[in-house]
Amino acid sequence: MMDLVTSFLNLVVPPATLMMLAFSWPALCFINACEWVYNTLYTTEDMDGKVVIITGASSGIGEQIAYEYAKRRANLVLVARREQRLRAISEKARYLGANSAIVIAADVVKEDDCRRFINETVNFYGRVDHLVNAASLGHTFYFDEVTDSSVFPILLDINFWGNVYPTFVALPYLHQSNGRVIVNASVENWLPLPRMSLYAAAKAALVNFYETLRLEVNNDVGITIATHGWIGGEMTRGKFMLEEGAEMQWKEERELQASGGPVEEFARLIVSGACRGDAYVKYPSWHDTFLLFRVFAPNVLNWSFRLLLSTHGTRRTSMVGVGKPISEGGSGRYLMETTSPRKLPAGPITFSKT
C-alpha cells in the first residue's frame, strides 16, 4: 500500500508543484520587492563605527568588499597572508572613508591563526559586528587526470575549513553584537561544472554548513550567503574553456588582481545585502533558472554541458590563473605555495587610523 502511495505522489507532486509555482510567482515577486524596499529604507544597518573582519582581503572579491565597507565608514580588520599588499589596501580603504584599518597577516586554514586575529580584533575594538569569509581557491582539472592526491586537502582546507575556523572562533562575539557572517559561495555548490569537482564539493559542503548554522543560531547571528556565477572574465581564462598548450597553474581567487565591473558590482551587492539583512545575495540572479532544470529536468543540463564540451574537441587539462605553476616538467607533481604567515611584531598590532 505504501509503495502505491509513493508512486502516486511521485507522479502528481512534481507537476502540481510547478503549476502552483507558476500561478504564485507574480505574487511572490511582488512580496519580495516590497520586502526589499522596506528593508532598504528602514532596516539597513548603519556601519559607521562597526567592526568588520574580512579574510582573503589582499585582492579579488575580498579587496573590493573592503572598499565597500570603507565607504560606509566601518572599522576594518584586513586578514590575508600578504602583509605588504594588505597595507596598500588599508591605505586606500582609509582614503575611501574607513574609520580605521587593521592589517593582520594570517592563514585561515590554521585554527590558531584564526584565534589570533579574532582575539586581536576584540582586544583592540572590543567587538565584532561582521565577519566576511572571502578566501577561496578554484581549480580547472579533470579528476581522473590528477596524479598527486596531496592537492585534495589543500582545496578542501581553504574552501571549507578556511570559512569554518574563523566562524567558530568569532561566533561568541557575533552573538554579543547580534552580528552577521557573510559567506563567499558559488553557483557550483548546486550547479556542478566539469573540471571543478573538488571546488563544487567544497562549496556545497560550505553552503549546507551555513544553512544548518542559520537554524542553530536562531536569528541571534545573521548569515548572508553570497553566490556568484562566472564573473571577472573567468570563462575566458580557463575556467571553462579548454585551451591548448596552456601552462598548468592554480587560480587562487584570493590572489586575483580583480578590477572591473563584475567583481566590483558583486562586492557592492554583497555589502548592501548584508547591511539590509538579506539571507542570500546572488550575482547574476538569472543563474537560478538552472535550478528548475536541475530539479525537474536534470538530463537537460547534462546534455547541454556535454554538447558545450564536445564543441571544443578532445579533452585537455588546463588550469589557468595566477600563482605558482603546479606542473614541474612531465612529472605531474602538484605544488602549492604554502608560506607561513608572518608573525605580528611585539606590542600593539599595526593599524592605520583617520
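Computation of the quantities below employed the complete heavy-atom set of this structure, encompassing side-chain atoms and omitting hydrogens, waters and symmetry-equivalent molecules.
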Is any side-chain heavy atom of Val77 closer than 4.5 Å to a side-chain heavy atom of Phe124?
no

Val169 to Cys114 - nearest heavy-atom pair and separation
CG1-O, 4.2 Å

Hydrophobic cluster identity match, Tyr142 and Leu156, side-chain contacts under 4.5 Å:
no

Tell me which one of Thr167, Asn163, Thr224 satisfies side-chain hydrogen bond (donor to acceptor under 3.5 Å, both in side chains) with Tyr210.
Thr167

Shortest non-hydrogen separation from Ser59 to Ile89 and the atoms involved:
N-CD1, 4.2 Å

Side chains of Tyr67 and Glu63: do they bring a donor and an acceptor to under 3.5 Å?
yes

Can we call the ring centroids of Phe141 and Tyr199 under 6.0 Å apart?
no

Does some side-chain heavy atom of Val271 sit less than 4.5 Å from a side-chain heavy atom of Tyr69?
yes

From CA spacing to verdict: side chain to side chain contact (heavy atoms under 4.5 Å, CB included), Val263, Ile61:
CA-CA 6 Å; Val263 176; Ile61 296 289; 3.7 Å; yes

Criterion side chain to side chain contact (heavy atoms under 4.5 Å, CB included) on His175 and Val221, from CA distance to verdict
CA-CA 6 Å; His175 272 290; Val221 176; 3.9 Å; yes

What distance separates Lys71 NZ from Met47 CE, expressed to the nearest 0.5 Å?
15.0 Å

Lys110 and Asp112 ion-paired at < 4.0 Å:
no

How far does CD1 of Ile182 sit from CD1 of Ile225, to the nearest 0.5 angstrom?
11.5 Å

Are Trp36 and Ile31 connected into the same hydrophobic cluster when the rule is that any two of I, L, V, M, F, W, Y join if their side-chain heavy atoms are below 4.5 Å apart?
no

Can you find a heavy atom in the side chain of Ile65 that is under 4.5 Å from one in the side chain of His130?
no

For Phe117 and Ala106 the tightest heavy-atom approach is CD2-CB, 3.8 Å

Note: Glu91-Arg87 ion pair, threshold 4.0 Å (strictly below):
no

What pair of heavy atoms forms the shortest contact from Ile54 to Gly62, and how long is it?
CG2-O, 3.8 Å

Is there a side chain to side chain contact (heavy atoms under 4.5 Å, CB included) between Tyr173 and Thr121? Walk through the geometry before answering.
CA-CA 10 Å; Tyr173 305 107; Thr121 299; over 6 Å; no

Any donor and acceptor pair, going by atom type alone, linking the side chain of Asn178 with main-chain N or O of Asp220 inside 3.5 Å?
yes

Does the side chain of Arg127 come within less than 4.5 Å of Lys50's, by heavy atoms?
yes

Side chain of Asp129, backbone of Val51: donor and acceptor closer than 3.5 Å?
yes

Quick one about Lys203 and Ser136 (side-chain donor to acceptor, distance below 3.5 Å, no hydrogens or angles considered), yes or no?
yes

CD1-CD1 distance between Ile118 and Ile104, expressed to the nearest 0.5 angstrom
8.5 Å

Output the distance between atom CG (Leu137) and atom CG (Asp157), rounded to the nearest 0.5 Å.
10.5 Å

Same cluster or not: Ile154 versus Phe143, using hydrophobic residues (I, L, V, M, F, W, Y) connected whenever any side-chain heavy atoms lie under 4.5 Å apart?
yes

Before accepting this row, confirm whether a basic side-chain N of the pair Arg116/Glu120 lies closer than 4.0 Å to the acidic partner's carboxylate O.
no

Within the structure provided, determine whether Leu206 and Asn159 are in side-chain contact (heavy-atom separation under 4.5 Å).
no

Does any non-hydrogen side-chain atom of Pro166 lie less than 4.5 Å from one of Asn133?
yes

Is Phe293 atom CZ crowded by more than 12 heavy atoms from other residues, nucleotides or ligands, each under 6.0 Å away?
no

What's the spacing between Asp278 CG and Thr44 OG1 if we round to 0.5 Å?
8.5 Å

Test side chain to side chain contact (heavy atoms under 4.5 Å, CB included) on Glu68 and Ile270 and set out the steps.
CA-CA 9 Å; Glu68 292 300 321; Ile270 289 175; over 6 Å; no

Strictly distance-based, threshold 3.5 Å: is any side-chain N or O of Arg214 a donor or acceptor partner for the main-chain N or O of Ile223?
yes

Hey, does Met19 have a side-chain heavy atom less than 4.5 Å from the side chain of Pro15?
no

Are more than 12 heavy atoms from other residues, nucleotides or ligands located less than 6.0 Å from atom CZ of Phe168?
no

Students often mix this up, so state it plainly: with edges at 30° and 60°, are the rings of Tyr38 and Tyr42 parallel, tilted or perpendicular?
tilted

Which pair of heavy atoms, one from Ala134 and one from Asn184, lies closest together, and at what distance?
O-ND2, 3.5 Å

Once you measure the plane-to-plane angle for His228 and Phe266, does it fall in the parallel (<30°), tilted (30-60°) or perpendicular (>60°) bin?
perpendicular

If only atom types and distance count, is the side chain of Ser100 paired as donor or acceptor with the main-chain N or O of Asn75 below 3.5 Å?
no

Check: Asp113 side chain, Val108 main-chain N or O, donor-acceptor pair, under 3.5 Å
no

Check the hydrophobic clustering (I, L, V, M, F, W, Y; side-chain heavy atoms under 4.5 Å; chains of links allowed) and say if Leu215 and Val217 are grouped together.
no

Looking only at non-hydrogen atoms, find the nearest pair between Cys275 and Arg72 and report the distance.
SG-NH1, 3.7 Å

Contact between Trp25 and Leu21 at the side-chain level, heavy atoms closer than 4.5 Å - yes or no?
yes

